[in-house]
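First the structure, in the form of structure tokens, and then the observations on it.
Note that ligands are numbered from 1 as they come in the structure, with each ligand's atoms numbered from 1 the same way.
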Amino acid sequence: MSDLKDLYRLIELPKITDSRGNLSFIEENEHVPFEIKRVYYTYDIPSGAERGGHAHKKLYQFLIAIGGSFDVILDSGKERETVFLNNPNVGLLIKPGIWREINNFSAGSVVLVLASDVYDEDDYIRNYDNFKKYKL
Ligand code: T46
């Protein structure tokens, strides 16, 4: 079984600052180590909501707190860690085979996700016991 630390990485993005504010950018295969096939975002998230609660078999994803902040709980099936995202110029790379839960959303938070493939429900493992079996 892979070590949890091998399955995720925080990546700092470029930040161009001038008197008008900040600008960050992301280029595929440069700042994220995959071809970007899909972009989605979650927003208007009510206080106390919990998202995620699944793993992916093949999908790579890159999560950014474009607005506000939230916790991402990462679980390899053996170890569990919480990563707090609150900076639009830092993204969280999540490799396949990692269970994730997202909670503790601040008011007005927006989760921007870049994904290595189009949406495919067959790539999800949405039951934690099945995830544990998958990781054996
Ligand atoms: C993940 C976390 C971080 C689509 O039709 N297309 C899409 O591209 C996505 C992402 C979802 N959907 C549908 C599937 C469900 O019927 O939208 C509905 C809500 O999806 P879900 O409950 O999976 O949303 P989250 O926020 O719990 O999870 C999402 C991603 O699905 C997942 O890959 O890692 O964000």
Side-chain angles (χ1 to χ4, degrees):
M1 190 185 286
S2 348
D3 197 66
L4 180 58
K5 289 267 185 257
D6 297 332
L7 294 172
Y8 78 89
R9 186 151 50 96
L10 282 166
I11 296 176
E12 191 169 342
L13 298 166
K15 179 164 125 179
I16 317 265
T17 302
D18 63 30
S19 58
R20 300 165 298 168
N22 298 326
L23 182 153
S24 289
F25 58 94
I26 305 163
E27 294 176 357
E28 68 182 12
N29 295 318
E30 176 67 26
H31 307 106
V32 293
F34 56 80
E35 202 182 324
I36 300 162
K37 293 265 185 70
R38 177 170 48 121
V39 177
Y40 65 89
Y41 38 96
T42 47
Y43 53 99
D44 290 345
I45 303 166
S47 143
E50 305 208 338
R51 304 200 65 107
H54 53 253
H56 284 283
K57 297 174 197 164
K58 293 191 184 145
L59 193 72
Y60 285 74
Q61 299 204 97
F62 189 69
L63 275 64
I64 306 161
I66 283 293
S69 64
F70 47 86
D71 283 332
V72 185
I73 295 135
L74 300 167
D75 184 330
S76 65
K78 203 171 62 170
E79 300 164 272
R80 189 168 260 247
E81 280 180 25
T82 299
V83 175
F84 179 63
L85 291 184
N86 67 342
N87 187 340
N89 81 298
V90 175
L92 173 66
L93 173 71
I94 307 180
K95 297 180 186 177
I98 184 161
W99 183 268
R100 83 287 317 264
E101 293 164 14
I102 309 170
N103 60 26
N104 193 26
F105 293 98
S106 71
S109 56
V110 178
V111 186
L112 177 72
V113 184
L114 313 182
S116 66
D117 212 342
V118 297
Y119 175 72
D120 176 9
E121 188 58 37
D122 288 344
D123 189 65
Y124 284 75
I125 305 169
R126 290 193 184 267
N127 174 286
Y128 190 73
D129 288 338
N130 292 343
F131 169 69
K132 293 277 280 183
K133 285 183 203 141
Y134 179 79
K135 294 293 285 186
L136 287 175

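Inside a 4.0 Å radius of atom 12 (N) of ligand 1 there is at least one protein heavy atom. There is a protein heavy atom less than 4.0 angstrom from atom 29 (C) of ligand 1. Within a 4.0 Å radius of atom 17 (O) of ligand 1, the protein has no heavy atom.
Scanning the protein heavy atoms around atom 10 (C) of ligand 1, the nearest turns out to be Arg38 NH1, 3.4 Å. Scanning the protein for heavy atoms near atom 33 (O) of ligand 1, the closest one is His56 NE2, 2.6 Å. The protein atom (non-hydrogen) at minimum distance from atom 35 (O) of ligand 1 is Tyr40 OH, 3.1 Å. Among all non-hydrogen protein atoms, the one lying nearest atom 14 (C) of ligand 1 is Tyr119 OH, 3.2 Å.
Looking only at atom types and distance, the side chain of Asp129 has no donor-acceptor partner in the side chain of Asn127 under 3.5 Å away.
Near Gly52, meaning under 4.0 Å from any of its heavy atoms, are these atoms of ligand 1: 25 (P), 27 (O). For ligand 1, the atoms lying closer than 4.0 Å to a non-hydrogen atom of Gln61 are 1 (C), 32 (C), 33 (O), 34 (O). Proximity to Arg51 (heavy-atom distance under 4.0 Å) selects the following atoms of ligand 1: 24 (O), 25 (P), 26 (O), 27 (O). Per-residue contacts place Tyr124 under 4.0 angstrom from the following atoms of ligand 1 (heavy atoms of the residue considered): 10 (C), 23 (O), 30 (C), 31 (O), 32 (C), 33 (O). Each of the following atoms of ligand 1 lies closer than 4.0 Å to a heavy atom of Ile102: 3 (C).
Distances from atom 20 (O) of ligand 1 to the heavy atoms of Glu121, His54, Arg126 put Arg126 nearest.
Contact check for Tyr124 versus Tyr119: side-chain heavy atoms found under the 4.5 Å cut-off.
The pair Arg126-Glu121 meets the salt-bridge criterion, since a charged nitrogen lies less than 4.0 angstrom from a carboxylate oxygen. Salt bridge present: Glu101 and Arg80 bring a charged side-chain N and a carboxylate O closer than 4.0 Å.
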The test is side chain to side chain contact (heavy atoms under 4.5 Å, CB included); show your working for Val72 and Leu63 and say whether it passes. CA-CA 9 Å; Val72 185; Leu63 275 64; 4.2 Å; yes
For Asn22 and Thr17: C-alpha separation, side-chain torsions, deciding distance, then whether side chain to side chain donor-acceptor pair (under 3.5 Å) applies. CA-CA 4 Å; Asn22 298 326; Thr17 302; 2.9 Å; yes
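In this structure a side-chain-to-backbone donor-acceptor pair under 3.5 Å is missing from Arg9 to Ile94. Side-chain atoms of Ser106 come within 3.5 Å of backbone N or O of Ser69 as a donor-acceptor pair. Proximity of a side-chain donor or acceptor of Asp123 to a complementary backbone N or O of Lys58 within less than 3.5 Å is detected.
The shortest N/O to N/O separation between Leu63 and ligand 1 does not fall below 3.5 Å.
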